[in-house]
Amino acid sequence: MRVIYAGTPEFARVALERLLAARFEVPLVLTQPDRPAGRGMKLQASPVKQLAQAHGITVAQPRSLRLEGKYPEDAAAAQSAIENARADVMVVAAYGLILPAWVLQAPRLWCLNIHASLLPRWRGAAPIHRAIEAGDTETGVTIMQMDEGLDTGDMLLIEKLPIGPEDTTASLHDRLADLGGRLIVEALEMAACGGLTRTPQPAEGVTYAHKIEKAEGAIDWTQPAEVIGRRVRAFNPFPGASTAMRGEAVKVWLARVESGTVGGVPGQVLSAGSEGIRVATGDGALCLQELQRAGGKRLRAAEFLNGFPLESGQIFDAPAGGEVA
């Protein structure tokens with residue numbers, strides 16, 4: 001079975017690695033153009049491109065796949081590469097470009113998507129972040145037959161995964177990436193013998209995981225500790241939950257929720273020591289356990305306090321302009 005693979009970040013790299021290990025033939029990989037990254041802002045290839053090149057696979061990096069769009073020459077070149085690949089199946093995972101109808105119709109059999117949620121919950125760009133932010137207790141991976149809608153296609157395989165009380169987007173991402181890689185191999189093996197069954201998504205329970213905006217990381221201390229705690233976990237590693245003290249932005253990477261009446265106004269430091277920095281919220285307290293000053297390293301609370309002493313009564317605020325450090 002010949003497989004065209006379309007994906008860009010680490011989540012997609014894991015699945016491509018699984019397909020190659022299972023000895024599926026991958027004649028072509030589509031991925032996003034190289035982007036500036038790091039302190040020097042040098043162009044950097046995506047994780048998927050790096051893996052494809054290591055295996056000698058042809059890589060295409062169109063800026064668009066719309067033949068009548070802003071970059072028609074890119075789309076036309078990609079169309080030629082896709083046609084020459086003579087694929088049975090196309091697998092898509094966090095690619096980052098909209099696939100027009102001609103792409104979806106190009107493979108002989110299927111165009112499959114690895115989606116990190118239990119569809120129809122959390123269609124869209126940021127299903128892992130939004131599931132944690134919303135307080136979901138489980139998520140999973142859906143292998144879906146792609147259509148022209150936004151994650152609206154028929155479901156082929158689905159498997160659940162629990163969300164733990166300490167899961168961050170980083171930790172949950174890695175578990176879902178591993179699950180997605182395993183499921184797509186299973187799906188293609190089933191497809192090869194005609195064993196895949198399509199199930200339409202239910203009309204009930206549809207939610208949308210909108211793209212994460214950087215400004216969402218600013219902590220609103222008037223919210224309940226439970227809500228803030230979920231957002232700290234959801235925005236780790238991007239964009240990071242952020243607050244400010246004495247005019248300096250501070251990121252909060254790990255925090256523990258404490259319920260009950262605590263006194264103090266929202267954002268007020270209740271205590272600061274080796275166990276953490278307890279801060280009053282709109283309901284309950286949040287114990288900050290890992291923090292980072294602008295331009296500094298992520299530190300446990302005790303180390304952070306050595307260079308940034310805090311006293312009871314001081315008040316955290318939102319970063320200036322709501323911007324995240």
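What you see is a predicted model; the values in this text were computed from it and never measured.
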K.L.:
More than 12 heavy atoms of other residues, nucleotides or ligands under 6.0 Å from CD1 of Ile98: yes or no?
P.N.:
no
K.L.:
Kindly indicate whether a cation-pi arrangement holds for Arg298 with Trp253, taking the cut-offs as under 6.0 Å to the six-membered ring centre and within 45° of the axis.
P.N.:
yes
K.L.:
Report whether Phe24 and Val29 are members of the same hydrophobic cluster (ILVMFWY, side-chain heavy atoms less than 4.5 Å apart, transitive linking).
P.N.:
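Phe24 and Val29: one cluster.
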K.L.:
Looking only at heavy atoms, what is the nearest atom pair of Ala116 and Thr139, with distance?
P.N.:
O-OG1, 3.9 Å
K.L.:
Any luck finding a side-chain donor-acceptor pair between Thr169 and Asn236 under 3.5 Å?
P.N.:
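No, because no side-chain N or O of Thr169 sits under 3.5 Å from a partner of the opposite role on Asn236.
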K.L.:
I want to check a possible cation-pi pair here: Arg246 against Phe316, using under 6.0 Å from ring centre and within 45° of the ring axis as the test.
P.N.:
no
K.L.:
Using the side-chain contact (heavy atoms from CB on, under 4.5 Å) rule, pick out the option among Ile158, Asp151, Val141 that qualifies with Leu119.
P.N.:
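Of the listed residues Ile158, Asp151, Val141, the side-chain contact (heavy atoms from CB on, under 4.5 Å) partner of Leu119 is Asp151.
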K.L.:
Looking at every non-hydrogen atom in both residues, tell me the closest pair between Pro162 and Asp167 and how far apart they are.
P.N.:
O-OD2, 4.1 Å
K.L.:
Closest approach of Ala234 and Ile132, non-hydrogen atoms and distance?
P.N.:
N-CG2, 3.7 Å
K.L.:
Report the residue from Arg233, Arg230, Arg231 that forms a side chain to side chain donor-acceptor pair (under 3.5 Å) with Glu133.
P.N.:
Arg231
K.L.:
For Asp88 and Trp110, does a side-chain donor sit closer than 3.5 Å to a side-chain acceptor?
P.N.:
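No - no donor-acceptor pair under 3.5 Å links their side chains.
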K.L.:
If you count the non-hydrogen atoms of other residues, nucleotides and ligands that lie under 6.0 Å from CD in Glu275, is the total more than 12?
P.N.:
no
K.L.:
Has the side chain of Ser80 got a donor or acceptor atom that lies under 3.5 Å from a matching backbone atom of Ala77?
P.N.:
no
K.L.:
What is the minimum heavy-atom distance between Thr152 and Gln201, and which atoms define it?
P.N.:
C-NE2, 3.3 Å
K.L.:
Specify the closest pair of heavy atoms between Val252 and Ala255, including all atoms of both residues, with the distance to one decimal.
P.N.:
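Residues Val252 and Ala255, closest heavy atoms: CG1-CB, 4.3 Å.
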